[in-house]
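Lettering of chains follows the sequences in order, A, B, ..., and the numbering in each one begins at 1.
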Amino acid sequence: MEWVDVVLQGALLGGLYALFASGLSLAFGIMRMVNLAHGDFIVLSAYLALVLTQSLGIPPLAALPAVAVIMAVVGYVLQRGLLNRVLGDDIMPPLLVTFGLSVVIQNLLQEIFSADTQSLPGGTLVTASLPIGGGLAVGWLSLLTLVAALAVIAVLQLILARTRLGLAFRATSDDLVTSRLMGIDTRQIYGLAMGIALAIVAIAGVLMAIRTTFDPTGGPARLIFAFESVIIGGMGSPWGTLLGGVILGVAQSIGFSIQVGLGQLFGHLAFLAILMVRPQGLFPRTRGV
Amino acid sequence: MTSAPPIARTAAIVRGTRASRLGGVLGAVILLALVTMPWWGERADMHTVVEFLYMLALAEMWNLLAGFGGLVSIGQQAYVGIGGYMLVLLAMKLGVGPFIAVPLCGIITAIIAIPTAALVFRLRGAYFAVGTWVVAEVFRLTFANIIWLGAGTGTSLTSAMMGYSAWLRDSLALWIAIILGVGSVMGIYWLLRSRLGLALTAIRDSEVASRSLGVDVRRVKFGVYIVSAFGCGMVGALVYLTKLRISPDAAFDINWTAIMIFTVVIGGIGTIEGPIIGCIVYFVLRDLLADYGSWYLIAMGLIAIAVMVWARRGLWGLLLARTDLRFFPVQRRVVIEDEAGASKPVEG
Amino acid sequence: MSLLAIQSLKAFYGDFQALFGVDLEIVQGQTVAVIGANGAGKTTLLRSVMGMLAAPSDVIRFDGKPIGGLATHAIVAEGIAMVPEGRKLFPSLSVEENLRVGAYPKRQGPWTLERIYALFPRLSERRNQPATSMSGGEQQMAAIGRALMSNPRLLLCDEISLGLAPVAVRELYRALPGISAEGVSLLVIEQDIGQAMAVANQVYCLQEGRVTLAGKPNELTRERVAAAYFGN
């Protein structure tokens, strides 16, 4: 039954990847912008949590809400102060600016915290697991992460479908100019979208940091996992992204079980395979977020 | 208009400018100095020049892709790494002379780039950019798992250099660097003056319009991507020829791309002079902030961001806006000879 | 009482000048029509009013308040709404959701979903359909309804007859007096001169960025209109 365990662990890992991906695809869906520093913000959140837990002596999960709020504000200010100025018809400026941010964040973190790997103390949460029969066990942390991913996606869907803000998000995503004619302040909408995206990033970053080690250069890998989840699942489909994350997690898990160095590679190969055979993803939706 | 314009006698398409003729003379002098450097220069200085020239070549390769092909790639480090490892393969394993191997590495890299491009071109825009990064990671992980080539810890190339004196090694490296650095600049200049260059500029200005004029956009972009891979592959080979130690993390480091992007952005995307200026800025900053770890990278990143927000055409673009200085003229200006025999440019 | 007052409005797209000093006034309760050929500057005029094109502050006054150059969403909040050329309904939203977006500014007034459905019953039948799956005429009704949901004091209509069969156009224009009766002033841009003149209290003609004619419909002869429309 060992392979069942491999698949199960991979699927649970998919929860974390779905969290990584949700923030990325929200920003892309509303603003047509891929934030190349997305992974670095995940790592930044982890370092923020580290600072809070060390200076206040609180457990990481207690720090999570504070980190989420801080990152939400960072996202709002970043969008309105910098990114709104370079967004437009040309895709190059936002890509180059966010790439620049990525390099700056990585190197700043390195200067401030050194290149050492860090980890957040998770206490019993990290090691505790729930046996589910057949000799298999599900880690509490992994379960929590998956539940968080499901909750985030569900809440996002709810906001988009049922609230006035969600309506504004969808209208702005459809047609920027006309949404202004509806009295929507699109600069503010973009700011809020980024704020929410980075709040999700914060949740992902803290949960990741409890689960595994991190260091200043870990950003790009997270961006890639988020991106691969979105592509495998299909652009524009939040639940598809969850599935994409699960598939990615399973592929990595399989590779890892064969040989430690092959974990990431298997994930990339799964992504490339989908790209070759079905580039639009498994559950694409052409419109909407 | 109140008066009739002078009758045009002959109209000619003119490309040169006074600045470019002056630049040509200056360039020849610099080139001569560089080529003869093994006989008058210090070793340390030569190493700096080599590095400057291959960074310039890399920058022009990225500039070709993004500034002229409209393709934002953050995965060119893949081809630098492949070039380096092909050198290991050819020089260390197959006994090919290391210096002759450099162009061969470029060719092999270009060949590897072909199926890669076919895959990556399934993505567009921002997704293309991240896709190129994924591809680079795949190459990194693949090479890190090949025990025969040193796996994760890498391998040394010193044994391939046995039989070459230090002077010969340094000189050959310098001459190759000159060919790559100067060659890439002149190569792109030549390319843009050709018909293909017209196609590239047209695509950059408007893809839709150029497609309607019969330009095969996809083919041109594909070609640009392969050429860029070729250049990066040769540079990769040269880099590890000089460093003599290669590892996957170093060869496929995203910092190659980071510096390519920052130098081109700061200097001026889509110009030939831009990357030269950007590389100068890079070397100056790195030297100034040498005692401060990676602060020079932070500085370059912040400057690049500032350029994108306030001065999108880079430092060279700022200068161009003030003057009309062109060392590498690629526009075509119409000059008309009037009755008096004086030639005047037609104001556009 | 002057609701919208435009004085010497100039407009540019880069180096190209589209309007050369346009004067226009809408009195509260009026329906004003602006006619002119393609490229005459009609849509440019509306864009300037809606803040989509830069204008000096007091060149455009709304109820006495200078609004030139304000951000579009702020102008909508002041009480001006636009039915854009080509309708521009949001494709991923249903009909009802499109109408709800129109109510984003939360302005007080008589226009609610029920009132819109009463004005355009066919929209009620299709309320949960994707908005762009309807016919052209129905989409135009939705676009007008969406603009009304913000309870504007002034409604700008950009070529609502464009691309529609005459039957559909007549149906739309029959609804306008009902809108006007609720106290909404109208600025109607039209290439269809007949409909425009039939519904308007005041007509302006634009030709190559200049006002070439202004007056009440019953005072203008066909010859004068043609001359103003086409120029010399």
Subject >> Between CD1 on residue C:Ile80 and CG on residue A:Leu181, distance to nearest 0.5 Å >> reply: 11.5 Å
Original post:
Quick one: what part of C:Arg100 sits under 4.5 Å from any heavy atom of chain A, side chain, backbone, both or neither?
Top reply: both
Subject >> Residue pair A:Ser179, C:Phe90: steps toward the side chain to side chain contact (heavy atoms under 4.5 Å, CB included) verdict >> reply: CA-CA 9 Å; A:Ser179 61; C:Phe90 297 110; 4.1 Å; yes
**OP:** Could you name each residue pair satisfying side chain to side chain donor-acceptor pair (under 3.5 Å) that touches residues 158-167 of chain A, not counting sequence neighbours?
**Re:** none
Subject >> Over all atoms of both residues, closest heavy-atom pair of C:Pro105 and A:Gly183 >> reply: CG-CA, 4.2 Å
Subject >> Worked check of side chain to side chain contact (heavy atoms under 4.5 Å, CB included) between C:Met52 and A:Val177 >> reply: CA-CA 9 Å; C:Met52 291 153 81; A:Val177 173; 3.6 Å; yes
**OP:** Give a yes or no on whether C:Glu208 atom CD has more than 12 heavy-atom contacts from other residues, nucleotides or ligands under 6.0 Å away.
**Re:** no
Original post:
Using non-hydrogen atoms and a limit below 4.5 Å, what part of residues 186-195 of chain A faces chain C?
Top reply: A:Arg187, A:Ile189
**OP:** Return the minimal non-hydrogen interatomic distance between C:Val101 and A:Ala171, and the atom names on each side.
**Re:** CG1-CB, 4.2 Å
Subject >> Spacing of C:Ile75 atom CD1 and A:Arg180 atom CZ [to the nearest 0.5 Å] >> reply: 12.0 Å
Original post:
Considering only heavy atoms, which portion of C:Met149 lies under 4.5 Å from any heavy atom of chain A: side chain, backbone, both, or neither?
Top reply: neither
Subject >> Point-to-point distance, once rounded to the nearest 0.5 Å, from CG of A:Asp175 to CG of C:Leu93 >> reply: 11.0 Å
Original post:
How many angstroms lie between atom NE2 of C:His73 and atom CD1 of A:Ile184, to the nearest 0.5 angstrom?
Top reply: 10.5 Å
Name each donor-acceptor pair under 3.5 Å that joins a side chain in residues 7-15 of chain C to protein atoms two or more places apart or in another chain, with its distance.
unit_1, atom_1, unit_2, atom_2, d
C:Tyr13, OH, C:Thr44, OG1, 3.1
C:Tyr13, OH, C:Arg47, NH1, 3.0

**OP:** Report, by ascending residue number, the residues of residues 134-147 of chain C in heavy-atom contact with chain A at a distance under 4.5 Å; give 'none' if the set is empty.
**Re:** C:Arg146
